2 protein chains.
Amino acid sequence: MAPSSTIPIGELSRLTGCNIETIRYYERIGILPVPVRYGRFRRYDSAGVRRLSFVRRARELGFPLDTVRTLLLLAEGGGQSCDQARQMAESQLADVIAKRADLDRMAAVLGDLVEACGAGDAGGCALLEALSD
Amino acid sequence: MAPSSTIPIGELSRLTGCNIETIRYYERIGILPVPVRYGRFRRYDSAGVRRLSFVRRARELGFPLDTVRTLLLLAEGGGQSCDQARQMAESQLADVIAKRADLDRMAAVLGDLVEACGAGDAGGCALLEALSD
DNA sequence: CTTGCATCTGTAGTCGCTACAGATGGTAGG
DNA sequence: CCTACCATCTGTAGCGACTACAGATGCAAG
(Lines give C-alpha, C1' and ligand atoms only; values in the text may rest on other atoms or scores of the structure.)
Protein backbone atom coordinates (compact mmCIF):
# COMPACT_ATOMS: atom_id res chain seq x y z
CA MET A 1 0.00 0.00 0.00
CA ALA A 2 1.39 3.36 -1.02
CA PRO A 3 1.26 6.08 1.64
CA SER A 4 -1.28 8.76 0.89
CA SER A 5 1.43 11.41 1.12
CA THR A 6 2.85 10.20 -2.18
CA ILE A 7 1.34 10.41 -5.65
CA PRO A 8 1.70 8.38 -8.81
CA ILE A 9 3.27 9.74 -11.97
CA GLY A 10 -0.06 10.61 -13.55
CA GLU A 11 -0.93 12.97 -10.75
CA LEU A 12 2.54 14.50 -10.80
CA SER A 13 1.96 15.09 -14.48
CA ARG A 14 -1.37 16.80 -13.80
CA LEU A 15 0.02 18.90 -10.97
CA THR A 16 3.02 20.17 -12.92
CA GLY A 17 1.65 20.18 -16.43
CA CYS A 18 4.55 18.01 -17.44
CA ASN A 19 3.97 15.09 -19.79
CA ILE A 20 4.43 11.64 -18.24
CA GLU A 21 6.89 10.62 -20.94
CA THR A 22 8.86 13.75 -20.23
CA ILE A 23 8.98 12.98 -16.52
CA ARG A 24 10.41 9.55 -17.26
CA TYR A 25 12.81 11.14 -19.71
CA TYR A 26 14.00 13.56 -17.03
CA GLU A 27 14.56 10.63 -14.73
CA ARG A 28 16.51 8.77 -17.38
CA ILE A 29 18.89 11.67 -17.97
CA GLY A 30 19.30 12.40 -14.30
CA ILE A 31 17.35 15.64 -14.03
CA LEU A 32 14.99 13.95 -11.59
CA PRO A 33 16.18 11.34 -9.10
CA VAL A 34 14.98 7.77 -9.34
CA PRO A 35 11.83 7.84 -7.20
CA VAL A 36 10.62 5.45 -4.56
CA ARG A 37 8.45 2.66 -5.94
CA TYR A 38 5.56 0.72 -4.61
CA GLY A 39 5.53 -2.41 -6.67
CA ARG A 40 6.36 -1.33 -10.19
CA PHE A 41 4.99 2.14 -9.73
CA ARG A 42 6.86 5.37 -9.16
CA ARG A 43 5.62 7.45 -6.24
CA TYR A 44 6.46 11.09 -5.69
CA ASP A 45 6.36 13.20 -2.55
CA SER A 46 6.13 16.95 -2.19
CA ALA A 47 9.87 17.31 -2.69
CA GLY A 48 9.48 15.57 -6.04
CA VAL A 49 6.68 17.92 -7.02
CA ARG A 50 8.75 20.93 -6.04
CA ARG A 51 11.76 19.71 -7.96
CA LEU A 52 9.81 19.12 -11.16
CA SER A 53 8.08 22.48 -10.81
CA PHE A 54 11.48 24.10 -10.55
CA VAL A 55 12.56 22.34 -13.72
CA ARG A 56 9.43 23.42 -15.56
CA ARG A 57 9.81 27.04 -14.56
CA ALA A 58 13.43 27.04 -15.61
CA ARG A 59 12.54 25.42 -18.93
CA GLU A 60 9.84 28.00 -19.54
CA LEU A 61 12.56 30.61 -19.31
CA GLY A 62 14.44 28.70 -21.96
CA PHE A 63 17.30 27.41 -19.83
CA PRO A 64 18.81 24.33 -21.46
CA LEU A 65 18.57 21.14 -19.43
CA ASP A 66 22.27 21.17 -18.63
CA THR A 67 21.90 24.58 -17.09
CA VAL A 68 18.80 23.46 -15.24
CA ARG A 69 20.91 20.69 -13.75
CA THR A 70 23.34 23.26 -12.40
CA LEU A 71 20.57 25.52 -11.16
CA LEU A 72 19.11 22.60 -9.24
CA LEU A 73 22.45 21.99 -7.58
CA LEU A 74 22.78 25.65 -6.71
CA ALA A 75 19.28 25.76 -5.28
CA GLU A 76 20.02 22.72 -3.13
CA GLY A 77 23.43 23.93 -2.09
CA GLY A 78 22.34 27.38 -0.94
CA GLY A 79 24.97 29.85 0.18
CA GLN A 80 27.51 31.14 -2.31
CA SER A 81 25.45 30.25 -5.36
CA CYS A 82 23.84 33.60 -6.06
CA ASP A 83 26.63 34.92 -8.29
CA GLN A 84 26.69 31.84 -10.44
CA ALA A 85 22.93 31.77 -10.74
CA ARG A 86 22.87 35.40 -11.80
CA GLN A 87 25.54 34.75 -14.39
CA MET A 88 23.50 31.94 -15.90
CA ALA A 89 20.39 34.08 -15.95
CA GLU A 90 22.27 36.94 -17.58
CA SER A 91 23.68 34.71 -20.24
CA GLN A 92 20.25 33.22 -20.84
CA LEU A 93 18.79 36.71 -21.05
CA ALA A 94 21.40 37.69 -23.63
CA ASP A 95 20.51 34.59 -25.60
CA VAL A 96 16.83 35.36 -25.50
CA ILE A 97 17.41 38.93 -26.57
CA ALA A 98 19.55 37.81 -29.48
CA LYS A 99 16.92 35.35 -30.60
CA ARG A 100 14.26 37.99 -30.33
CA ALA A 101 16.32 40.26 -32.55
CA ASP A 102 16.54 37.46 -35.11
CA LEU A 103 12.79 37.04 -35.01
CA ASP A 104 12.33 40.79 -35.35
CA ARG A 105 14.34 40.76 -38.55
CA MET A 106 12.43 37.76 -39.86
CA ALA A 107 9.10 39.35 -39.04
CA ALA A 108 10.07 42.57 -40.81
CA VAL A 109 11.13 40.77 -43.97
CA LEU A 110 8.15 38.44 -43.93
CA GLY A 111 5.83 41.39 -43.46
CA ASP A 112 7.36 43.11 -46.47
CA LEU A 113 7.12 39.97 -48.56
CA VAL A 114 3.48 39.41 -47.73
CA GLU A 115 2.72 42.99 -48.58
CA ALA A 116 4.69 42.87 -51.83
CA CYS A 117 2.81 39.74 -52.74
CA GLY A 118 -0.51 41.37 -51.94
CA ALA A 119 0.25 44.24 -54.29
CA GLY A 120 0.54 41.59 -56.98
CA ASP A 121 1.65 42.77 -60.40
CA ALA A 122 1.11 40.75 -63.53
CA GLY A 123 4.55 39.28 -64.19
CA GLY A 124 4.94 36.93 -61.25
CA CYS A 125 4.89 36.58 -57.51
CA ALA A 126 6.93 39.31 -55.85
CA LEU A 127 7.37 37.08 -52.82
CA LEU A 128 8.87 34.19 -54.76
CA GLU A 129 10.97 36.56 -56.80
CA ALA A 130 12.40 38.10 -53.67
CA LEU A 131 13.44 34.67 -52.45
CA SER A 132 14.92 33.93 -55.86
CA ASP A 133 16.81 37.24 -55.88
CA MET B 1 38.01 17.78 -67.12
CA ALA B 2 35.23 19.72 -65.53
CA PRO B 3 33.88 22.66 -67.51
CA SER B 4 34.84 26.01 -66.03
CA SER B 5 31.18 27.00 -65.86
CA THR B 6 30.68 24.58 -63.00
CA ILE B 7 32.03 24.71 -59.47
CA PRO B 8 32.84 22.13 -56.84
CA ILE B 9 30.96 21.83 -53.58
CA GLY B 10 33.52 23.81 -51.61
CA GLU B 11 33.01 26.85 -53.78
CA LEU B 12 29.25 26.47 -53.64
CA SER B 13 29.63 26.42 -49.89
CA ARG B 14 31.68 29.63 -49.96
CA LEU B 15 29.32 31.36 -52.37
CA THR B 16 26.19 30.58 -50.41
CA GLY B 17 27.54 30.47 -46.87
CA CYS B 18 26.10 27.00 -46.55
CA ASN B 19 28.08 24.27 -44.85
CA ILE B 20 29.30 21.48 -47.13
CA GLU B 21 27.76 18.83 -44.89
CA THR B 22 24.48 20.69 -45.05
CA ILE B 23 24.59 20.79 -48.83
CA ARG B 24 25.03 17.03 -48.97
CA TYR B 25 22.28 16.71 -46.38
CA TYR B 26 19.94 18.78 -48.56
CA GLU B 27 20.77 16.53 -51.47
CA ARG B 28 20.07 13.42 -49.42
CA ILE B 29 16.63 14.61 -48.38
CA GLY B 30 15.77 15.86 -51.84
CA ILE B 31 15.88 19.61 -51.29
CA LEU B 32 18.68 19.85 -53.83
CA PRO B 33 18.79 17.63 -56.92
CA VAL B 34 21.58 15.10 -57.36
CA PRO B 35 24.19 17.14 -59.20
CA VAL B 36 26.30 16.28 -62.22
CA ARG B 37 29.61 14.64 -61.34
CA TYR B 38 33.03 14.69 -62.86
CA GLY B 39 34.64 11.59 -61.49
CA ARG B 40 33.57 11.37 -57.90
CA PHE B 41 33.06 15.07 -57.50
CA ARG B 42 29.83 17.00 -57.47
CA ARG B 43 29.76 20.00 -59.80
CA TYR B 44 27.25 22.82 -59.61
CA ASP B 45 26.19 25.33 -62.22
CA SER B 46 24.56 28.71 -61.76
CA ALA B 47 21.13 27.12 -61.44
CA GLY B 48 22.47 25.10 -58.54
CA VAL B 49 23.82 28.20 -56.88
CA ARG B 50 20.52 29.99 -57.34
CA ARG B 51 18.56 27.08 -55.93
CA LEU B 52 20.69 26.80 -52.82
CA SER B 53 20.58 30.57 -52.32
CA PHE B 54 16.81 30.38 -52.44
CA VAL B 55 16.84 27.68 -49.82
CA ARG B 56 19.15 29.66 -47.57
CA ARG B 57 17.05 32.80 -47.81
CA ALA B 58 13.92 30.85 -47.02
CA ARG B 59 15.64 29.15 -44.08
CA GLU B 60 16.80 32.51 -42.76
CA LEU B 61 13.15 33.50 -42.61
CA GLY B 62 12.53 30.38 -40.56
CA PHE B 63 10.54 28.40 -43.11
CA PRO B 64 10.76 24.69 -42.28
CA LEU B 65 12.40 22.53 -44.92
CA ASP B 66 9.11 20.98 -45.94
CA THR B 67 7.74 24.40 -46.68
CA VAL B 68 10.92 25.32 -48.52
CA ARG B 69 10.31 22.28 -50.72
CA THR B 70 6.90 23.62 -51.64
CA LEU B 71 8.19 27.14 -52.17
CA LEU B 72 10.79 25.77 -54.57
CA LEU B 73 8.08 24.02 -56.55
CA LEU B 74 5.99 27.18 -56.63
CA ALA B 75 8.96 29.25 -57.76
CA GLU B 76 9.66 26.80 -60.54
CA GLY B 77 6.05 26.43 -61.54
CA GLY B 78 5.28 30.12 -61.81
CA GLY B 79 1.74 31.19 -62.57
CA GLN B 80 -1.00 30.54 -60.03
CA SER B 81 1.39 30.12 -57.13
CA CYS B 82 1.23 33.59 -55.60
CA ASP B 83 -1.72 32.92 -53.33
CA GLN B 84 -0.23 29.79 -51.92
CA ALA B 85 3.12 31.44 -51.38
CA ARG B 86 1.50 34.32 -49.55
CA GLN B 87 -0.42 31.94 -47.34
CA MET B 88 2.76 30.19 -46.36
CA ALA B 89 4.49 33.48 -45.63
CA GLU B 90 1.55 34.67 -43.56
CA SER B 91 1.51 31.51 -41.54
CA GLN B 92 5.25 31.74 -41.04
CA LEU B 93 4.89 35.36 -39.99
CA ALA B 94 2.27 34.40 -37.42
CA ASP B 95 4.62 31.74 -36.13
CA VAL B 96 7.50 34.17 -35.83
CA ILE B 97 5.34 36.71 -34.04
CA ALA B 98 4.14 34.09 -31.58
CA LYS B 99 7.69 33.00 -30.87
CA ARG B 100 8.75 36.58 -30.39
CA ALA B 101 5.99 37.05 -27.84
CA ASP B 102 7.29 34.00 -25.97
CA LEU B 103 10.77 35.44 -25.95
CA ASP B 104 9.43 38.79 -24.77
CA ARG B 105 7.85 37.12 -21.79
CA MET B 106 11.01 35.19 -21.04
CA ALA B 107 13.16 38.30 -21.31
CA ALA B 108 10.88 40.20 -18.96
CA VAL B 109 10.99 37.49 -16.31
CA LEU B 110 14.71 36.93 -16.71
CA GLY B 111 15.34 40.64 -16.40
CA ASP B 112 13.35 40.75 -13.17
CA LEU B 113 15.18 37.73 -11.81
CA VAL B 114 18.59 39.17 -12.57
CA GLU B 115 17.61 42.39 -10.91
CA ALA B 116 16.16 40.68 -7.86
CA CYS B 117 19.35 38.71 -7.57
CA GLY B 118 21.44 41.86 -7.86
CA ALA B 119 19.57 43.43 -4.96
CA GLY B 120 20.77 40.46 -2.93
CA ASP B 121 19.47 40.21 0.60
CA ALA B 122 21.05 38.10 3.25
CA GLY B 123 18.75 35.07 3.39
CA GLY B 124 19.34 33.48 0.01
CA CYS B 125 19.33 34.00 -3.72
CA ALA B 126 16.12 35.68 -4.82
CA LEU B 127 16.60 34.24 -8.29
CA LEU B 128 16.80 30.65 -7.11
CA GLU B 129 13.96 31.22 -4.69
CA ALA B 130 11.76 32.53 -7.47
CA LEU B 131 12.41 29.36 -9.45
CA SER B 132 11.68 27.29 -6.36
CA ASP B 133 8.48 29.25 -5.73
C1' DC C 1 58.15 10.70 -51.55
C1' DT C 2 55.56 12.86 -48.51
C1' DT C 3 52.50 16.28 -47.19
C1' DG C 4 48.44 18.64 -47.53
C1' DC C 5 44.10 19.61 -49.53
C1' DA C 6 39.55 18.83 -51.16
C1' DT C 7 36.48 15.71 -51.75
C1' DC C 8 34.05 11.26 -50.94
C1' DT C 9 30.77 7.72 -48.18
C1' DG C 10 28.42 6.32 -44.22
C1' DT C 11 27.09 6.57 -39.67
C1' DA C 12 26.19 8.46 -35.27
C1' DG C 13 25.47 12.36 -32.28
C1' DT C 14 23.00 16.77 -30.82
C1' DC C 15 18.58 18.80 -28.06
C1' DG C 16 14.33 18.05 -25.88
C1' DC C 17 11.05 15.75 -26.25
C1' DT C 18 7.22 12.63 -28.30
C1' DA C 19 5.21 8.44 -29.91
C1' DC C 20 4.73 4.21 -30.31
C1' DA C 21 4.47 -1.21 -29.22
C1' DG C 22 3.60 -4.59 -26.15
C1' DA C 23 3.44 -6.13 -21.16
C1' DT C 24 1.34 -5.92 -16.48
C1' DG C 25 -1.75 -5.42 -12.84
C1' DG C 26 -5.90 -3.68 -10.54
C1' DT C 27 -10.68 -2.41 -10.37
C1' DA C 28 -15.58 -2.30 -12.08
C1' DG C 29 -19.44 -3.98 -14.54
C1' DG C 30 -22.15 -7.70 -16.68
C1' DC D 1 -15.94 -15.68 -13.47
C1' DC D 2 -14.93 -13.17 -17.53
C1' DT D 3 -14.18 -9.02 -19.91
C1' DA D 4 -13.16 -4.27 -20.48
C1' DC D 5 -10.80 -0.48 -19.21
C1' DC D 6 -7.36 2.20 -16.90
C1' DA D 7 -2.89 3.59 -15.41
C1' DT D 8 1.33 2.30 -15.40
C1' DC D 9 5.51 -0.14 -17.03
C1' DT D 10 9.90 -0.95 -20.35
C1' DG D 11 12.34 -0.17 -24.42
C1' DT D 12 13.10 1.77 -28.68
C1' DA D 13 12.57 4.74 -32.56
C1' DG D 14 11.27 9.14 -34.56
C1' DC D 15 11.21 14.33 -35.06
C1' DG D 16 13.85 18.73 -37.31
C1' DA D 17 17.87 20.50 -39.06
C1' DC D 18 21.92 19.90 -38.86
C1' DT D 19 26.83 18.68 -37.28
C1' DA D 20 30.67 15.77 -36.50
C1' DC D 21 33.26 12.39 -37.01
C1' DA D 22 36.07 8.18 -39.20
C1' DG D 23 38.33 6.44 -42.87
C1' DA D 24 39.01 6.29 -48.04
C1' DT D 25 40.56 8.53 -52.37
C1' DG D 26 43.02 11.21 -55.58
C1' DC D 27 45.75 15.09 -57.09
C1' DA D 28 49.32 18.69 -57.00
C1' DA D 29 53.25 21.08 -54.91
C1' DG D 30 57.57 21.08 -52.48
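Chain identifiers are assigned alphabetically (A, B, ...) following the order of the sequence lines, protein sequences preceding nucleic acid strands; residue numbering begins at 1 within each chain. What you see is a predicted model, and the numbers here were worked out from it, not measured in a lab.
OP1 or OP2 of dT19(D) lies within a sub-4.0 Å distance of a side-chain N or O belonging to N19(B). Regarding contacts with the backbone of dC18(D), a side-chain N or O of Y26(B) is found under 4.0 angstrom from either OP1 or OP2. Within the 4.0 Å cut-off from OP1 or OP2 of dT9(C), at least one side-chain nitrogen or oxygen of R37(B) is found. Phosphate proximity of dC17(C) to R24(A): absent, as no side-chain N or O sits under 4.0 Å from OP1 or OP2. Taking only side-chain nitrogens and oxygens, R42(B) never comes nearer than 4.0 Å to OP1 or OP2 of dT7(C). Applying the 4.0 Å criterion to OP1 and OP2 of dG11(D), one finds that R28(A) has every side-chain N and O outside that range. The shortest distance between the side-chain N/O atoms of T22(A) and the OP1/OP2 oxygens of dT18(C) is below 4.0 Å.
The CZ atom of R56(B) sits 12 Å away from the C1' atom of dA17(D) (whole-angstrom rounding). In this structure, L65(B) places its CG atom 9 Å from P of dG16(D), rounding to the nearest Å. dG14(D) atom P lies 16 Å from atom CD1 of I29(B), rounded to whole Å. In this structure, D66(A) places its CG atom 13 Å from P of dC17(C), rounding to the nearest Å. In this structure, the CD1 atom of I20(B) is 13 Å from the P atom of dA20(D), given to the nearest Å. The interatomic distance linking D95(B) (CG) with dG16(D) (C1') rounds to 14 Å, in whole Å. As rounded to whole Å, 13 Å separates atom P of dG16(C) from atom CZ of F63(A). What separates CD of E11(A) from C1' of dC6(D) is a distance of 15 Å, to the nearest Å.
Distance check: E90(A) CD to L127(B) CG gives 9.5 Å after rounding to the nearest 0.5 Å.
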| request: Start with the C-alpha distance between V68(B) and Y26(B), add both sets of side-chain angles, then the distance that settles side-chain contact (heavy atoms from CB on, under 4.5 Å), and finish with yes or no. | output: CA-CA 11 Å; V68(B) 174; Y26(B) 284 165; over 6 Å; no
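At least one donor-acceptor pair closer than 3.5 Å links the side chain of S13(B) to the backbone N or O of C18(B).
With salt bridges taken as basic N to acidic carboxylate O contacts below 4.0 Å, one links K99(A) and D95(A). A salt bridge links R24(A) to E21(A): at least one charged side-chain nitrogen sits closer than 4.0 Å to a carboxylate oxygen.
Nearest-nucleotide positions on DNA chain D for I9(A) and R40(B) put I9(A) closer to the 5' end. When the nearest nucleotides of DNA chain D are assigned to E21(B) and Y25(B) by heavy-atom distance, the more 5′-ward of the two goes with Y25(B).
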